[in-house]
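Structure first, then comments.
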Amino acid sequence: MKAIKTEETDDMSEDLKIYAPPAELVAQAHVSGMAAYDALCAEAEADHEAFWARQARELLSWKKPFTKVLNEADAPFFKWFEDGLLNASYNCLDRNIERGLGDKTALIFEADGGEVTHTSYAQLLAKTCRMANALKAIGIGKGDRVIIYISMSVEGVAAMQACARIGATHSVVFGGFSAHSLRDRIEDTGAKAVITADCQVRGGKQLPLKAIVDEALTLGGCDSVSKVLVVNRAGAKVSMTEGRDLWLAELMKDQPETCEPEWVEAEHPLFLLYTSGSTGKPKGVQHSTGGYLLHAALTTKWTFDLKADDIFWCTADIGWVTGHTYITYGPLALGGTEIVFEGVPTYPDAGRFWKMIQDHKVTIFYTAPTAIRSLIKAAEAKDEVHPKSYDLSSLRILGSVGEPINPAAWEWYYQHVGGSRCPIVDTFWQTETGGHMITPLPGATPMVPGSCTLPFPGIAAAIVDETGKDVPNGQGGILVVKKPWPSMIRTIWGDPERYKKSYYPADFQGKYYLAGDGAIRDAKTGYFTITGRIDDVLNVSGHRMGTMEIESALVSCTELVAEAAVVGRPDDTTGEAICAFVVLKRPRPTGEEAKAIAKQLRDHVGKEIGPIAKPKDIRFGDNLPKTRSGKIMRRLLRQVAKGEAITQDISTLENPAILDQLSQVN
Ligand code: PRX
């Protein structure tokens with residue numbers, strides 16, 4: 001990978017706005033300057049395996065050192081460090097204590113209402129061990145799956161660590177998913193236990209969790225679950241099923257505070273995390289222990305330049321991969337101190353993030369463009385919630401994740417949050433990649449707003465055409481990764497064929513990992529910009545959703561819906577918004593009636609998938625635009641959704657009049 005040189009910064013491109021990393025940060029960064037970045041890339045290019053092996057030896061503690069690095073015999077089912085034994089929870093907790101960090105704060109938890117608790121490494125280890133012993137007491141062991149359906153909490157992080165400690169594979173389900181989605185995940189994983197809480201508290205409101213687990217377990221297909229462990233978050237009223245449901249605190253009370261880690265092979269599945277694809281139901285992305293943990297630690301170290309006295313805040317939920325890698329595993333593997341925030345950015349007002357940065361003297365802040373865009377709107381409307389009303393001088397690095405950050409939002413984040421002194425790392429990656437793939441390094445890479453810049457050292461990212469041939473810089477194409485890397489997805493749980501087809505398609509002779517995104521490299525700098533998904537996956541507020549999933553949810557409302565097509569349209573705040581075109585089994589409604597049915601359908605989707613999947617727009621037509629062969633013309637629907645004039649040839653359209661119907665917003 002040929003990287004740009006710092007000295008080229010000035011003449012890189014007249015039309016590109018380039019921000020150099022601050023000199024004082026460069027001077028002390030883990031990766032200091034572009035020469036250091038180039039050297040790491042060159043090391044990886046010269047010997048890919050040796051590069052990763054060195055990192056794995058330096059960053060992780062192995063019970064039994066590995067002797068094999070990469071096994072490609074069964075490609076694309078790659079194995080990394082396969083004969084090594086380790087434990088993720090030992091790496092995140094015990095070894096920090098052995099290094100003298102027992103009293104250091106691991107987690108600063110701030111509740112929705114503002115109460116703050118500090119948990120030291122020693123306390124987090126004790127809690128994790130008691131929880132691990134509690135899991136063992138109910139018969140959970142190595143290889144068993146455990147569903148975690150809980151909000152942001154110390155218990156949530158400890159539950160993940162406890163599973164890792166005993167070799168159980170966790171699958172965290174975001175608290176915003178419905179009973180149906182939860183049931184699907186329980187069924188697919190065959191989980192033996194569910195860890196949940198009475199409720200979650202967000203924005204001053206209590207939202208049920210245990211009741212949703214109860215409902216999920218009545219929907220069928222969950223016979224594998226023998227126990228439900230319940231955290232008492234807020235004393236909400238719950239019903240406890242005798243013999244199945246247990247209060248976690250009760251079960252942990254008499255458990256010892258030590259628990260010998262289960263030493264697992266590096267390839268042992270640490271977790272499954274469900275994410276949307278372009279077809280079918282969500283895929284259970286399987287991650288390994290050794291390779292995943294390595295990249296979690298290495299990217300936290302290099303991309304965030306994490307140091308001993310940093311206060312790191314990743315605002316993601318542990319229900320998403322960002323919360324896994326940059327809350328539960330990466331920062332803890334390095335002995336860092338991090339914030340775990342239960343609430344929402346707009347409660348009690350839209351200054352919450354800035355106030356928390358000020359109160360906790362946060363030094364590294366990592367959030368999503370959607371959050372930034374919505375806070376810009378609020379800040380511009382009211383000075384009290386503008387970052388300028390807070391002391392944000394503790395910040396030294398900012399990060400962005402989950403969706404493209406538009407240059408205007410980037411500039412605002414840089415100026416108003418970072419005081420024009422903090423680099424922004426625009427990190428491109430995916431659930432499947434386990435950690436950062438293309439990102440600036442804060443003490444090295446000159447930044448360009450809207451570009452995720454250059455691949456992380458050791459990541460062979462490239463842009464190719466449909467035949468797998470490299471495209472020249474300046475020409476868009478398909479984003480691929482040409483070499484396996486340690487934290488990559490191992491398989492789709494229970495569906496290895498789908499893994500192969502989705503990520504190592506025959507189009508590229510099964511040789512390249514297909515990210516599912518389009519990208520372009522700048523003609524001059526070689527910098528990457530992600531141009532969006534090339535499949536039917538939407539990104540709404542950084543949440544990934546398949547259009548097919550939403551269509552299935554709509555047509556499952558069998559009494560009303562005959563047919564549905566879902567597309568995305570650009571949205572100023574959420575990046576993309578969901579727009580659904582629906583044909584009903586009754587005459588096309590208009591006016592108030594259309595509004596009422598649209599609401600009913602939104603609620604139905606909320607029940608089937610979760611509130612995040614509710615379409616913003618629902619439009620009704622007597623039919624959908626189709627070609628003569630019956631294919632829905634999605635490109636046309638995307639134009640209709642955007643309110644654009646139709647430029648496409650519609651001569652093959654059966655009934656052009658329906659376009660007028662579908663243009664009407666309810
Ligand atoms: O389309 C890309 C977008 O989010 C997708 C991955 O979503 P998910 O698996 O939910 O993981 C999100 C958190 C890592 C990608 O295929 N995406 C993610 N980060 C960026 C991005 N698009 C542009 N720029 C980014 N920095």
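Both counts, for ligands and for their atoms, begin at 1 and track the order of listing.
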### Pairing of Glu608 and Arg602 as salt bridge, 4.0 angstrom limit
no

### Query
How far is atom 23 (C) of ligand 1 from its nearest protein heavy atom, and which residue and atom name does that atom have?
Pro404 N, 3.2 Å

### atom 19 (N) of ligand 1: the protein heavy-atom neighbour that sits closest, reported with distance to 0.1 Å
Gly402 N, 3.2 Å

For [atom], which of [options] has the closest heavy atom?
atom	options	answer
atom 25 (C) of ligand 1	Glu403, His324, His436	Glu403
atom 18 (C) of ligand 1	Trp429, Tyr326, Trp320	Trp429
atom 15 (C) of ligand 1	Thr427, Ile438, Thr529, Asp517	Asp517

### Task
Name all residues meeting the ring pair (Phe, Tyr, Trp, His ring centres under 6.0 Å) criterion together with Phe428; count only those two or more places apart in sequence or in a different chain, and write none if there are none.
none

### Query
Would His295 and Tyr329 satisfy ring-ring contact (aromatic ring centres under 6.0 Å, His included), going step by step from the backbone distance to the final call?
CA-CA 10 Å; His295 204 52; Tyr329 292 110; over 10 Å; no

### Query
Listed by chain and number, what are the side-chain hydrogen bond (donor to acceptor under 3.5 Å, both in side chains) partners of His287, not counting sequence neighbours?
none

### Task
Establish, yes or no, whether the cationic atom of Arg521 lies under 6.0 Å from the six-membered ring centre of Tyr527 and within 45° of the ring axis.
no

#### Entry: Rounded distance (nearest 0.5 Å) linking atom OH of Tyr149 with atom OG of Ser171
13.0 Å

Is the closest N or O pair between [X] and ligand 1 shorter than 3.5 Å?
X	answer
Val401	no
Thr431	yes
Thr322	no

### Query
Quick one: which ligand 1 atoms are inside 4.0 Å of a heavy atom on Asn539?
3 (C), 4 (O)

### Query
Going by the atom numbers of ligand 1, which of them fall below 4.0 Å from some non-hydrogen atom of Arg544?
6 (C), 7 (O), 8 (P), 9 (O), 10 (O)

### Task
Look only at the side chain of Arg638 and the backbone of Val567, and say whether a donor-acceptor pair between them is shorter than 3.5 Å.
no

#### Entry: Arg490 and Ser288: side chain donor to acceptor below 3.5 Å
yes

### Task
Between Cys452 and ligand 1, find which residue part has any heavy-atom pair under 4.0 Å and reply side chain, backbone, both or neither.
neither

